[in-house]
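Heads up: the structure comes next, in structure tokens.
Protein chains get the first letters and strands the later ones, always in sequence-line order, with residue 1 at the start of each. These numbers come from a predicted model, not from an experiment.
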Amino acid sequence: MLRATLRDLFAHKGRVVMTVVAVALGVAATVASLIVSDSVSMTLSHRDIRVLDGVSVPGGDRDRLAELDGVTRATGIVVARAGLVGDNGKLVAADTLPEQAGTNWDDTGRFVLVAGRAPARPGEIAVNAAVGIHVGTKHRVLLAGGKRDNPTVVGLFRYRSLGSASDPTPVVAHATSTGDYSRVELTTDSPDKVKAEAQALGYTAETGAELSSAAQSTATDNADDLRETLLPFAAVALLVGMFVIANTFSMLITQRTQQYALLRAVGAHRRQVRRSVLVEASALGLVGGTVGEIFGIALGPLMIAVLRPGQEIDYTITPLTIGVGYLVAIVVTTLSAYGAARRAASVSPMAALRLDATVTRQARNRRTAIGLVAVAVAVTAVLATLDPAADTTARIVAIGGAIIGAFGILLLAPVLAGLVLRPLIALARRAGPATRLGVQNAGRDPRRTAGTATAITVGLGLVRAFGTLSATLTSLIGSADRANIPATTTILEPAAGKSAALDASDLTAVRSLPGVTAAAARTALANVNGTVFKVTAIEPSALGTVLTPQLTAGVADLRRGVMISRNQAAMMAVRPGSALTITVDGTAIHTVVAGVYNATELQSSLYFDVSLAPAKLRDRPSMIYAAGPRAAIEAAFHDRPDVVVTDRDALVAADIAEQALAFVVIDAMFGVAIVIGVFGVVNTLVLSVLERTREIGLTRALGAGRRLVRRMITMESLVISLFGALSGVLIGVGVGAVMQHAMLGQELLAFTAPFDAIGLSLPGIVACGVLAALWPAHRAARTDILAAIT
Amino acid sequence: MVKTTIRAVGLTKAYGSGDARVLALDDVDVEFEPGFTAIMGPSGSGKSTLMHCVAGLDRPDAGRIWLGDTEFTGLKDDALTALRRDRIGFVFQAFNLLPTLTARENITLPFDLAGRRPDPAAVRSVVDVVRLGDRLDHRPSQLSGGQQQRVAVARALVTRPDVVFADEPTGALDSAASAELLGFLRGSVDELGQTVVMVTHDPAAAAYADRVLHLADGAIVTSSC
């Protein structure tokens, strides 16, 4: 029995090649994702973490702490702004933000000298070896307070961080320190005692052991986050693969109906037949899994290069990864083949004598019924949560509804295929013979056509759903900034990116220019009445001048309270006059709502008076908005590569380009799903050509040329692919509309359809359909007339 | 005393519904005794339906069937499957063999399905009877139609079933191969004491049988010896 199964499998390798490809691609995606996250995790945990023999006290007074009992040494550590300017006049790229990139040299073991010597006097610096600067060169360094220095690089170092946020990896180490320490390291034999003493003085203090275990768990969390980001893509590839596998097996067992019937007649139990199909599936899973493992292992370095460019990563393959790859391969194939296995087992022994194998009407009705219920549930869920200001639960319900709806439509696919194909067949009657026969073949079994098309539908649907989200986001970025910032406002932002900050002195410098008024936005995550979101501290004078939010209620006066966005106000159920407590940087601010403004959720949801903000936040401007002659501002900052002087429209363009790049990566990953879907079409066509050998032979005998046969198969391929593509685009735009509604707090119908991308994908799918038909059409055209009809 | 192998009472089976309803078997009582029985009748007379029902391949709408002391009616699928495997042999008109198995593996398939080791003596004796010695390691595609049917007969005989059912076994063979195959079936009755029930529409084939049942319109018309 097992022998018969496996021999049958190997005798017809051609029929299952695409199934193997589908399994392999899904497994490759899984294995590569695991390898990437394992490698990153391994690299992080193998980092040269320095374990402090003592206690670290952030914000401590060195001289006072040095007096503590048991302290043998107290080292003050500076974390300060240091923008290292490269030969090209731009900031040297580094992982550390410029405002944290400077420190003072010491011999505590923080630095490992790689080249040159330690800096010994003012005018000398050592530079992190990773940034690629040579010993002996002179480089400009931009310091806090708008100061600058032009020191000589005398040494290169490798930094051994404690692995905590309080010990960022510096780019520049100066010979001396200002004495303004952000952290004090205490060397001691009894860290616990010293920690208690420091705490008694009112400091927060952590021992070296605590820091290193925290560093380890941060590394693990980072790797877990990465894994959770990557695995959904692998899951999608596997899901699409499942449709291909299920379809293949469904066709294989139809072809073998007589064999199963014979087995049943001579005494094979149902479960023996079922098991033989599942064994076959496992064997395929094993082969596909092996190919996938190899492919995934090869793909890993490429993904690391894309996701973590310029970083040295220890390439790590664990036995667990290999095991999971095989497990996924076998579980996915057997699960997908299970339906087919059950149908094989239910073949009547009588079918050995006459051939008809169709799905029972009841099963089909049940499938349709479940599909209709799912779509109804989806429509209800989405309609019930139409309010853009709905709370998080409602948003999750909306997204859940959209997903259920998508599955419902997939279940309805055979019925939809029937509905679409019937008029198409009628239409094709008037066309040439190749079109007529091809369309009829596609319409002969709507279930199979739908099953094949579904793989494309899922892949394209996902790409289009995210495409709709991305298109909406793009138009939002533009409209939000345009609505709130006057075109004449000049904007200054840090060159190192949105998470970096400008220097407090920059605001003073801008304001001191003649005829220029300016305000600075200091954005931070804050806890407002128990909800955490981004808030912005700004000068009250900014509103109505350099920033013009559209007021919907209350007054736009920050001296009388905060301004809060409409969606956020609705979610928190506050209105002008409501009391708020904003906790930011450890300081609680008690205030009230003064006004409500219209905003998208990309912007800050709350503005408050900067005079209420703690000093630490006040001195960290994220962005400066200025009114006045731009030329003067540009002249003042022309020598500051760490500051970008721009305006609203340039800012919008840069933001759009940045998020488009992020979506390109997402599209590429879901693209794998479309590739698998196209392989599924090839698979179905090859099997249906084999199934119809006699029929095609007869057509040839009756005078159809090879060209006509090829065109017939191509037409069938096009009908299947286009059906999949159209349902994919419909599902995708629908789900995308709900996603932008739920994720961006927009009106449901306020989405932007990515028409240009849809326009591009349709010819793309047509090309794929033609390509997919190449091999099957070639096989069909080669059908031996005599062998087919005798 | 003649022992009854298969007995059926009140067999009724209809296909279709409404105007399209066809009564394939109409309250048929029948007994198959040891020896060689042929069932004859024109197309649509119900002869195939009768065989399918008494062989446990199909379930009648009404009536009861016994194989020896075992009653079929009401048996679950698993029990019925085991019964077919161990106590009944089949030869069909065509498509009797699994294409991926050799002749020998096809013959021992019932043992394989039951999870038993084939009895070498039994295999040797049926192989001798159908004279297949030198073709045992060939695949069905490498055998002629007549040879394929002989493999099927060998498989039907190998478990020493209570009864072998043959459904138009010579339908796809030329006259020489037909005569040879019928000779083997006859031989199994005479030499091994096998009970054989054969459905055929060919009077020449029926001539090999000990008894002939004639069916018309779902009922037995005559029974002759």
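The shortest side-chain heavy-atom distance between A:Val266 and B:Ile88 does not fall under the 4.5 Å cut-off.
Contact between B:Phe90 and A:Ala265 at its shortest, heavy atoms only, is CE1-O, 3.2 Å. Scanning both residues, B:Leu97 and A:Leu262, for their nearest heavy atoms gives N-CD2, 3.7 Å.
Only the side chain of B:Arg139 comes within less than 4.5 Å of a heavy atom in chain A; its backbone stays farther off.
Around atom CG of B:Asp217, no more than 12 heavy atoms belonging to other residues, nucleotides or ligands sit under 6.0 Å away. Applying the 6.0 Å contact sphere to NE2 of A:His269 captures more than 12 heavy atoms from other residues, nucleotides or ligands. In the displayed structure, A:Phe679 atom CZ is contacted under 6.0 Å by at most 12 heavy atoms of other residues, nucleotides or ligands. Counting non-hydrogen atoms of neighbouring residues, nucleotides and ligands closer than 6.0 angstrom, the CZ atom of B:Arg116 exceeds 12 such neighbours.
With respect to A:Arg270 and B:Asp78, no salt bridge is recorded, no charged nitrogen being found less than 4.0 Å from a carboxylate O. At a threshold of 4.0 Å, the pair B:Asp77-A:Arg264 counts as salt-bridged, since one of the basic side-chain nitrogens sits closer than that to a carboxylate oxygen.
Contacts with chain A (heavy atom to heavy atom, under 4.5 Å) involve these residues of residues 150-158 of chain B, listed by number: B:Arg155.
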